[in-house]
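Notes for the one structure printed next.
Only heavy atoms go into these numbers, but all of them, side chains included; no hydrogens, no water, no symmetry mates. The sequence lines fix the lettering, A, B, ..., with proteins before strands; numbering per chain opens at 1.
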Amino acid sequence: MYGLVDGNNFYVSCHRAFRPDLEGVPVIVLSNRDGNVIARSNEAKALGIKMGQPFFETKELRQQHGIVVFSSNFPLYGDMSSRLMSLLTNFVPDVEVYSIDEAFLQLENFWGLYPTYQGLGQDIRTKIDQWLRIPVGVGIAPTKTLAKVANKLAKKRSELNGVCVLETPQQIEDALANFPVEDLWGVGHQSAARLKRENIRTAAQLRDTNDDWIRQIMTVNGLRLVHELRGMPCKLLEVTPPPKKSIGSEPGFGTVIPDLDTIADALTSHLTRVGMKLRRSDQLAGAVTISLRTSKYRKTPGNGLAAKQYSNSITLNLPHPTSATPELLGYALTGLKAIYKTGYQYQKVGILLTDLVPESYRQKGVFVEGPDERLIKLAGVVDKVNKRFGQDKLRLASQMYNPEWPYQQKYLSPHYTTRWEDILEAM
DNA sequence: TCTGGGGTCCTAGGACCC
DNA sequence: TCTGGGGTCCTAGGACCC
């Protein structure tokens, strides 16, 4: 059996853990430049605020209902997440961290501390709430996909009290018979529309389709999904996460920018963060992709017509893998200059590091030297200095430093668990 | 004024090999 | 009338996840 534990409205709950006064109050959390809504409390959902909705569109509702707003605080969420995950290992040894707020548990070698799965689920809920003040939902079933279904039902049906176990064939049948096909794990917009055209509306109907047909329209992923619905596990627990295959960043500017210098400045600061992530994962990058795009929402001032669009990207294969930010930056800026065109209002520039190899990999080319060891060491030292004295205290000269821009977070909460100055005081 | 961000996996089709 | 056959590798684009 598999268990799926996930935090309810996780980002909102992280704030509420330190602000119990916000219980029952509508709360939303915004994307990195306060651009869009990325998390909502149940009260905010009930008011009709949508996932991904632009923040400015919520103004009226906010004024009417006193919605509490937070800028995103990823250090806080990351820290609360790792606390949640490590607490889960108190219940079972095998835990797969699936996302920042979700984990699969293997309940195979269940040693009988709990007479029923229901009991285990309730205990997880109670203790996580006690230890971390984060409400979680628990779904338990014979496959991961069915555990996902169970988890969703646990949330939907309040009489289940946050725990749903699908164990007997009858329980599974009942659950799938009324489960909308578009709510299944692995069924997105496209597949849902296609399936509906074929009159497949419930999970049970999907489960009973023909293998060849489903493979044809939903590829091998769809076939796995169908098998999992039938109770045959195709997705196994991955306790140790595989190394990352790419590390990237493509946040919006929060405004539009026409000139190359300012874009290069933003690119440098994206690369600085991405490079740090790369070194933290003990990997080297073999290729760099730069992308640049205008905003699809933007209108031409004056006539109200859609502004002219441009979007392009370029990949540079490096002569040798490296993790040194200055070296990566050289390629990144070359790429940017190659795709930049004047006359556009740009919305975002992105960087993606791919062809990642382990840090120990030091193969040199036939005609080229390997990576500059001193530069890589230097980058490590810069990381340490910045970790100790604060982000961007040491930075590349091409990163013009303006703390006001482009980071705009008007509703930032304290970093309760990751900054000494922000630690909670008890009166 | 402001319109999410970070990922993974799969497939088709082209280029190339002998 | 017939128009090789078996294979690999790479890339772009699509679909999906949270």
Side-chain angles (χ1 to χ4, degrees), chain A residues 4 6-11 28-40 49-59 69 71-72 74 77-78 81 97-104 144-145 148 151-152 182-195 215-225 234-235 238 241-257 270 273-274 277-278 281 286-287 289 291 293-299 301 306-307 311-315 317 345 347-356 405-411:
Chain A
L4 175 62
D6 85 323
N8 302 341
N9 314 326
F10 186 66
Y11 297 165
I28 57 175
V29 175
L30 306 180
S31 63
N32 78 345
R33 252 170 270 281
D34 292 350
N36 298 62
V37 178
I38 57 167
R40 307 103 81 214
I49 294 182
K50 300 268 174 285
M51 181 67 176
Q53 191 171 7
F55 179 50
F56 66 84
E57 284 180 11
T58 65
K59 192 170 177 190
V69 181
S71 298
S72 47
F74 285 102
Y77 313 145
S81 173
V97 178
Y98 175 66
S99 74
I100 193 161
D101 71 329
E102 272 177 87
F104 285 104
K144 281 181 163 184
T145 303
K148 273 272 192 186
N151 181 280
K152 213 155 228 185
E182 67 268 25
D183 288 353
L184 284 169
W185 187 36
V187 177
H189 278 108
Q190 300 301 317
S191 308
R194 178 73 206 272
L195 291 171
R215 191 184 201 290
Q216 220 177 356
I217 70 160
M218 286 183 69
T219 79
V220 68
N221 292 320
L223 190 57
R224 283 196 197 112
L225 163 60
C234 299
K235 303 170 187 222
E238 289 183 30
K244 283 220 181 322
K245 298 191 164 171
S246 69
I247 296 177
S249 176
E250 194 184 6
F253 296 132
T255 177
V256 287
I257 295 178
H270 300 168
R273 274 179 293 112
V274 165
K277 238 181 170 177
L278 176 70
S281 75
T289 301
S291 57
R293 66 170 60 253
T294 52
S295 166
K296 60 184 170 183
Y297 300 102
R298 200 155 173 89
K299 305 271 191 281
S311 125
N312 203 351
S313 73
I314 187 171
T315 299
N317 292 304
Q345 296 288 331
Q347 185 210 10
K348 54 173 68 171
V349 63
I351 178 151
L352 186 67
L353 306 179
T354 54
D355 291 11
L356 305 187
W405 185 89
Y407 236 76
Q408 189 190 354
Q409 298 203 301
K410 288 210 311 226
Y411 310 91

Exercise. Would you classify A:K59 as touching base, sugar-phosphate or nothing, given that sugar-phosphate means primed atoms plus P, OP1 and OP2, and contacts are heavy atoms under 4.0 Å?
Key: nothing
Quiz item: Of the candidate nucleotides B:dT11, B:dG4, C:dC18, which contains the atom at the shortest distance from the side chain of A:I38?
Solution: B:dG4
Quiz prompt | Close side-chain approach of A:S295 to A:Q345, heavy-atom, < 4.5 Å | solution = no
Exercise. List the steps and the verdict of side chain to side chain contact (heavy atoms under 4.5 Å, CB included) for A:V187 and A:M218.
Key: CA-CA 9 Å; A:V187 177; A:M218 286 183 69; 4.1 Å; yes
Self-check item: Under-4.0 Å side-chain N/O to phosphate OP1/OP2 contact, A:R215 with B:dT11
Solution: yes
Quiz item: Just how far, in rounded Å, is C1' of B:dT8 from CG of A:D355?
Solution: 15 Å
Quiz item: Nearest to the side chain of A:S31 - B:dG4, C:dA15, B:dC10?
Solution: B:dG4
Quiz item: Which part of the nucleic acid does A:V187 contact within heavy-atom distance under 4.0 Å: base, sugar-phosphate only, or nothing?
Solution: sugar-phosphate
Self-check item: Side chain to side chain, A:Y98 and A:D6, heavy atoms closer than 4.5 Å
Solution: no
Quiz item: So what does A:Q347 touch, heavy atoms closer than 4.0 Å: a base, only the sugar-phosphate, or nothing?
Solution: sugar-phosphate
Practice problem: Name the closest nucleotide to the A:E102 side chain, picking from C:dC18, B:dG4, B:dG6. | Solution: C:dC18
Exercise. May I have the distance from A:N221 (atom CG) to B:dT11 (atom C1'), rounded to whole angstrom?
Key: 11 Å
Quiz item: Any idea which of B:dG7, C:dA15, B:dC2 is nearest the A:R298 side chain?
Solution: B:dC2
Practice problem: Round to a whole Å and report the spacing from CD of A:Q53 to P of B:dG5. | Solution: 16 Å
Exercise. Give one of base, sugar-phosphate or nothing for A:L225, where a contact means two heavy atoms less than 4.0 Å apart.
Key: nothing
Quiz item: Would one find a side-chain N or O of A:K348 under 4.0 angstrom from OP1 or OP2 of B:dG5?
Solution: yes
Exercise. Indicate whether the side chain of A:D101 and that of A:S99 have a donor and an acceptor atom separated by less than 3.5 Å.
Key: yes
Quiz item: Any side-chain N or O of A:N32 less than 4.0 Å from the OP1 or OP2 oxygen of B:dG5?
Solution: yes
Quiz item: Any side-chain N or O of A:S249 under 4.0 Å from OP1/OP2 of B:dG6?
Solution: yes
Practice problem: Mind calculating the distance between CD1 (A:I28) and C1' (B:dT3) to the nearest angstrom? | Solution: 14 Å
Quiz item: Counting just side-chain N and O atoms, does A:R33 come under 4.0 Å of either OP1 or OP2 of B:dT3?
Solution: no
Quiz item: Should A:T219 be listed as having a side-chain N or O under 4.0 Å from OP1 or OP2 of B:dC9?
Solution: no
Exercise. Look at A:K144 and C:dC17 and indicate whether a side-chain polar atom (N or O) is within less than 4.0 Å of OP1 or OP2.
Key: no
Practice problem: Determine whether A:K410 and A:F55 make a side-chain contact, defined as any pair of heavy atoms from C-beta on separated by less than 4.5 Å. | Solution: no
Quiz prompt | Gap between atoms CD and C1', on A:Q216 and B:dT11 respectively (whole Å) | solution = 13 Å
Self-check item: Options B:dT3, C:dC18, B:dC2, nucleotide nearest the side-chain atoms of A:Y297
Solution: B:dT3
Exercise. Consider the side chain of A:S99, meaning its heavy atoms from C-beta on, and name the nucleotide among C:dA15, B:dC10, C:dC18 that approaches it most closely.
Key: C:dC18
Quiz item: How many Å lie between CZ on A:F56 and C1' on B:dG4, as a whole number?
Solution: 13 Å
Quiz item: NA contact type, A:Y98, heavy-atom cut-off 4.0 Å: base, sugar-phosphate, or nothing?
Solution: sugar-phosphate
Quiz item: Using a cut-off of 4.0 Å on non-hydrogen atoms, how would the nucleic acid contact of A:I247 be classed: base, sugar-phosphate, or nothing?
Solution: sugar-phosphate
Self-check item: Minimum-distance nucleotide to A:T255 side chain [options: B:dT8, B:dC2, B:dG6]
Solution: B:dC2
Quiz item: Of A:G35 and A:E250, whose closest DNA chain B nucleotide lies nearer the 5' terminus?
Solution: A:G35
Quiz item: Just to confirm, is there a sub-4.0 Å distance from OP1 or OP2 of B:dT8 to any side-chain nitrogen or oxygen of A:S246?
Solution: yes
Self-check item: Close side-chain approach of A:K348 and A:S291, heavy atoms under 4.5 Å
Solution: no
Quiz item: Distance check: side-chain N/O of A:R224 vs OP1/OP2 of B:dC10, anything under 4.0 Å?
Solution: yes
Self-check item: Protein-nucleotide distance (A:I217, atom CD1; B:dT11, atom C1'), rounded to Å
Solution: 15 Å
Quiz item: For DNA chain B, what is the dot-bracket line, given that a base pair needs Watson-Crick (N1 to N3, plus N6-O4 or O6-N4) or G-U wobble (N1-O2 and O6-N3) geometry with both distances under 3.5 Å, and | means paired with another strand?
Solution: ....||||||||||||||
Practice problem: Looking at every strand, decide which applies to A:K410 at a 4.0 Å heavy-atom threshold: base, sugar-phosphate, or nothing. | Solution: nothing
Exercise. Figure out the NZ/P separation between A:K148 and C:dC18, and round it to whole Å.
Key: 4 Å
Exercise. Report the C-alpha distance between A:E102 and A:K148 in whole Å, list the side-chain angles of each, state the deciding distance to 0.1 Å, and finish with yes or no for salt bridge (charged side-chain N to carboxylate O under 4.0 Å, His left out).
Key: CA-CA 10 Å; A:E102 272 177 87; A:K148 273 272 192 186; 2.6 Å; yes
Quiz item: Between CD of A:E250 and CG of A:L352, what distance do you get to the nearest 0.5 Å?
Solution: 9.0 Å
Quiz item: A:V29 versus A:Y77: any side-chain heavy-atom pair under 4.5 Å?
Solution: yes
Self-check item: Closest-nucleotide 5' rank along DNA chain B - winner of A:V220 and A:K245
Solution: A:K245
Practice problem: Indicate, with a heavy-atom threshold strictly under 4.0 Å, whether A:R194 touches base, sugar-phosphate, or nothing. | Solution: nothing
Quiz item: Are the side chain of A:S72 and the backbone of A:L30 linked by a donor-acceptor contact shorter than 3.5 Å?
Solution: yes
